[in-house]
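Start at 1 with the first residue, then count along the sequence.
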Amino acid sequence: MDKRYRKDAGDLGEQLALAHLQTAGLKLLLRNYRCTGGEIDLVMSEGRTLVLVEVRLRSDRSFGGAAASVDAHKQQRLIRAAQHLLQTHPQYRQLRARFDLVAIDGSDAARQVDWIKDAFRL
């Protein structure tokens with residue numbers, strides 16, 4: 001799979017996830033927060049909760065699907081990025097934080113979007 005296709009698929013996944021979460025009432029704060037240790041796809045708020053969202057898109061479930069692709073290594077990268085975010089954005093420190101996963105499986109009309117709240121913890 002070439003790099004351009006992966007980026008386009010990632011962008012599509014993020015757009016689908018963002019629309020899904022905004023429909024549920026979450027507010028977008030930051031998109032694609034990057035630091036040396038990792039990246040957070042979407043930083044959102046739900047009331048007084050800072051929601052750190054990882055988006056995974058898989059067209060084929062043969063390797064366990066989108067949710068299964070967030071392994072311990074990926075979780076550690078997300079945790080490092082979250083720690084950096086909180087260090088550099090003190091306005092978010094007073095909020096309770098949680099890690100959510102939006103897993104998107106299938107292609108086109110057969111896509112299934114699963115929002116897993118509090119998918120893992122520090």
Side-chain angles (χ1 to χ4, degrees):
M1 186 179 318
D2 80 359
K3 198 174 190 176
R4 183 74 208 156
Y5 175 81
R6 288 176 59 104
K7 171 141 180 37
D8 289 347
D11 290 346
L12 172 64
E14 287 177 16
Q15 279 302 115
L16 292 169
L18 179 60
H20 186 84
L21 297 171
Q22 286 178 323
T23 297
L26 278 72
K27 307 271 186 276
L28 180 65
L29 301 174
L30 298 169
R31 192 169 183 165
N32 300 116
Y33 179 80
R34 289 182 176 90
C35 66
T36 303
E39 176 186 358
I40 302 169
D41 294 324
L42 302 170
V43 178
M44 303 189 79
S45 65
E46 183 179 44
R48 302 257 326 128
T49 301
L50 183 67
V51 184
L52 308 164
V53 182
E54 173 65 9
V55 178
R56 297 301 239 186
L57 174 74
R58 295 289 183 269
S59 58
D60 185 349
R61 291 185 144 231
S62 59
F63 295 103
S69 70
V70 182
D71 59 12
H73 177 70
K74 179 62 180 174
Q75 290 177 22
Q76 286 304 310
R77 291 181 57 80
L78 289 164
I79 289 167
R80 279 195 297 276
Q83 290 168 334
H84 187 272
L85 172 75
L86 293 172
Q87 288 173 356
T88 58
H89 293 76
Q91 69 271 28
Y92 300 143
R93 289 184 199 153
Q94 73 274 8
L95 302 175
R96 178 187 168 287
R98 75 169 191 247
F99 291 96
D100 287 6
L101 169 64
V102 176
I104 305 167
D105 288 294
S107 58
D108 301 323
R111 272 195 191 100
Q112 179 175 337
V113 178
D114 292 314
W115 176 18
I116 304 167
K117 290 184 179 184
D118 220 0
F120 65 92
R121 295 182 185 245
L122 291 174

Enquirer: Kindly indicate whether the side chain of L85, heavy atoms from C-beta on, has any atom under 4.5 Å from the side chain of V43.
Expert: yes
Enquirer: May I have the step-by-step check of side chain to side chain contact (heavy atoms under 4.5 Å, CB included) for I104 and V102, ending in yes or no?
Expert: CA-CA 6 Å; I104 305 167; V102 176; 4.1 Å; yes
Enquirer: V53 vs I40, test: side chain to side chain contact (heavy atoms under 4.5 Å, CB included). Steps then yes/no.
Expert: CA-CA 6 Å; V53 182; I40 302 169; 5.7 Å; no
Enquirer: Find the distance between CG (L21) and OG (S45) and round it off to the nearest 0.5 Å.
Expert: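 Rounded to the nearest 0.5 Å, the CG-OG separation comes out at 11.0 Å.
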Enquirer: Can you tell me which residue pairs pass the salt bridge (Lys or Arg N to Asp or Glu O under 4.0 Å) test with a partner in residues 75-89, sequence neighbours excluded?
Expert: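 Every pair satisfying salt bridge (Lys or Arg N to Asp or Glu O under 4.0 Å) with a residue in residues 75-89: there are none.
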Enquirer: Can you name the side chain to side chain donor-acceptor pair (under 3.5 Å) partners of E46, sequence neighbours left out?
Expert: R98
Enquirer: Can you list every salt bridge (Lys or Arg N to Asp or Glu O under 4.0 Å) pair that touches residues 28-41, not counting sequence neighbours?
Expert: E14-R31, R34-E39
Enquirer: Please name the pair of heavy atoms, one in A67 and one in A103, separated by the smallest distance, quoted to 0.1 Å.
Expert: N-CB, 3.7 Å
Enquirer: Just how far is it from atom NZ of K74 to atom CG of L101, taken to the nearest 0.5 Å?
Expert: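 If we round to the nearest 0.5 Å, K74:NZ and L101:CG are 10.5 Å apart.
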Enquirer: Looking only at heavy atoms, what is the nearest atom pair of G106 and R111, with distance?
Expert: O-CG, 3.6 Å
Enquirer: Got a second to check how far K117's NZ is from D100's CG, nearest 0.5 Å?
Expert: 7.5 Å
Enquirer: Quick one, M44 with L52, criterion side chain to side chain contact (heavy atoms under 4.5 Å, CB included). Give me CA distance, side-chain angles, the key distance, then yes/no.
Expert: CA-CA 6 Å; M44 303 189 79; L52 308 164; over 6 Å; no
Enquirer: Would you indicate whether the side-chain heavy atoms of Q75 and D71 approach each other to under 4.5 Å?
Expert: no
Enquirer: Provide the closest heavy-atom pair for L42 versus A17 in the form atom of the first, atom of the second, distance.
Expert: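 Of all heavy-atom pairs spanning L42 and A17, the closest is CD1-CB, 4.2 Å.
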Enquirer: Minimum heavy-atom separation for G38 and A81, please, with both atom names.
Expert: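 The answer is C-CB, 3.8 Å.
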Enquirer: Identify the two heavy atoms, one from Q22 and one from L28, that lie closest to each other, and give their separation to 0.1 Å.
Expert: NE2-CB, 4.1 Å
Enquirer: Taking only residues two or more places apart in sequence or in another chain, which ones pass side-chain contact (heavy atoms from CB on, under 4.5 Å) with H20?
Expert: V113, W115
Enquirer: How would you list, by chain and number, every residue that makes a side chain to side chain donor-acceptor pair (under 3.5 Å) with T88, sequence neighbours excluded?
Expert: Y33
Enquirer: Output the distance between atom CG (L86) and atom CG (L50), rounded to the nearest 0.5 Å.
Expert: 6.5 Å
Enquirer: Taking only residues two or more places apart in sequence or in another chain, which ones pass salt bridge (charged side-chain N to carboxylate O under 4.0 Å, His left out) with K27?
Expert: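 Salt bridge (charged side-chain N to carboxylate O under 4.0 Å, His left out) check on K27 returns nothing, list empty.
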Enquirer: Between V70 and F99, is a side chain to side chain contact (heavy atoms under 4.5 Å, CB included) present by the stated rule, with each step listed?
Expert: CA-CA 12 Å; V70 182; F99 291 96; over 6 Å; no
Enquirer: Measure the CZ-CD1 distance between F120 and I79 for me, rounded to the nearest 0.5 Å.
Expert: 5.5 Å
Enquirer: Atom CG in L29, atom CD in Q91: separation rounded to 0.5 Å?
Expert: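 Separation between the atoms: 8.5 Å.
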